[in-house]
Engineer: 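Structure in structure tokens, see below.
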Amino acid sequence: MIDDASVTLRVSRVDRPDVVVLRLSGELDLSTAPHLSERIDEVVGDGRTSIVIDLEEVTFCDSTGMSAFIRGHHLSSAAGGSLRLTGAQGVVARVLKISGLDTLLGDDA
């Protein structure tokens with residue numbers, strides 16, 4: 001978890017038999033995206049390649065957050081798995097839609 005006076009991102013991990021869910025809460029930006037990338041690396045390093053990132057409690061996502069999603073997608077795909085995004089709302093859902101990531105990494109992809 002990254003936690004300072006101005007920025008907070010929490011990432012919790014739930015291991016299920018067929019998928020690992022990373023639940024994010026807070027802001028995903030230049031200062032916090034590396035934390036998400038580290039967690040994705042841990043999941044794939046554990047031999048788990050099917051990842052769902054739950055964005056229901058994410059209030060902001062900039063281009064570095066989107067880059068972390070794309071990097072995770074490439075990493076999991078190269079290992080024979082997939083990375084999917086779910087639960088985006090408000091401005092985060094809009095950013096994903098404008099960028100096309102909702103189509104590439106959405107639940108229906």
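Quick note: numbers below take in every heavy atom, side chains included, and nothing from hydrogens, waters or symmetry partners.
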Engineer: Output all residues satisfying side chain to side chain contact (heavy atoms under 4.5 Å, CB included) with Val14, sequence neighbours left out; order by chain, then residue number.
Structural biologist: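 Side chain to side chain contact (heavy atoms under 4.5 Å, CB included) check on Val14 returns Arg16, Val21, Arg23.
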Engineer: What pairs with Glu57 under side-chain hydrogen bond (donor to acceptor under 3.5 Å, both in side chains), at least two apart in sequence or on another chain?
Structural biologist: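 Expected list: Ser25.
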Engineer: Does Asp41 come within less than 4.0 Å of Arg71, counting only side-chain N to carboxylate O?
Structural biologist: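 A salt bridge is present here (some side-chain N lies under 4.0 Å from a carboxylate O).
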Engineer: How close do Ser76 and Thr49 get, heavy atom to heavy atom, and via which atoms?
Structural biologist: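 Looks like CB-O, 3.3 Å.
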Engineer: Same cluster for Val91 and Met66 if Ile/Leu/Val/Met/Phe/Trp/Tyr side chains link at under 4.5 Å?
Structural biologist: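 Yes; Met66 is reachable from Val91 via cluster members.
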Engineer: Check whether any side-chain heavy atom of Val20 lies under 4.5 Å from a side-chain heavy atom of Arg13, and answer yes or no.
Structural biologist: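 Yes, their side chains come closer than 4.5 Å.
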Engineer: Has Asp46 got a side-chain atom pairing as donor or acceptor with Arg48's backbone, closer than 3.5 angstrom?
Structural biologist: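 No, Asp46 side chain to Arg48 backbone: no donor-acceptor pair under 3.5 Å.
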Engineer: Less than 4.5 Å apart, side chain to side chain, heavy atoms only: is that true for Asp102 and Leu85?
Structural biologist: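 A side-chain contact under 4.5 Å is absent here.
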Engineer: Are Val44 and Val19 connected in a single hydrophobic cluster, I mean Ile/Leu/Val/Met/Phe/Trp/Tyr linked by side-chain heavy atoms less than 4.5 Å apart?
Structural biologist: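 Per the 4.5 Å side-chain linkage, Val19 and Val44 are not co-clustered.
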Engineer: Can you give me the closest heavy-atom contact between Thr64 and Asp29, atom names plus distance?
Structural biologist: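 Shortest heavy-atom contact: OG1-C, 3.0 Å.
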Engineer: Do you know which two heavy atoms are closest between Thr59 and Glu27, and how far apart they sit?
Structural biologist: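 Nearest pair, atom of Thr59 first, then Glu27: OG1-CG, 3.6 Å.
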Engineer: Of all the heavy-atom pairs spanning Val92 and Phe60, show the shortest one and how long it is.
Structural biologist: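 For Val92 and Phe60, the tightest heavy-atom pair comes out as CG2-N, 3.7 Å.
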Engineer: Could I get the full list of side chain to side chain contact (heavy atoms under 4.5 Å, CB included) partners for Thr86, not counting sequence neighbours?
Structural biologist: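 For Thr86 the side chain to side chain contact (heavy atoms under 4.5 Å, CB included) partners, ignoring immediate neighbours, are Val52, Asp54, Asp107.
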Engineer: Same cluster or not: are Ile70 and Leu96 linked, directly or through other Ile, Leu, Val, Met, Phe, Trp or Tyr residues, by side-chain heavy atoms under 4.5 angstrom apart?
Structural biologist: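 Same cluster.
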Engineer: Minimum heavy-atom separation for Leu101 to Phe69, with atom names?
Structural biologist: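 For Leu101 versus Phe69, the nearest heavy atoms are CD1-CD1, 4.3 Å.
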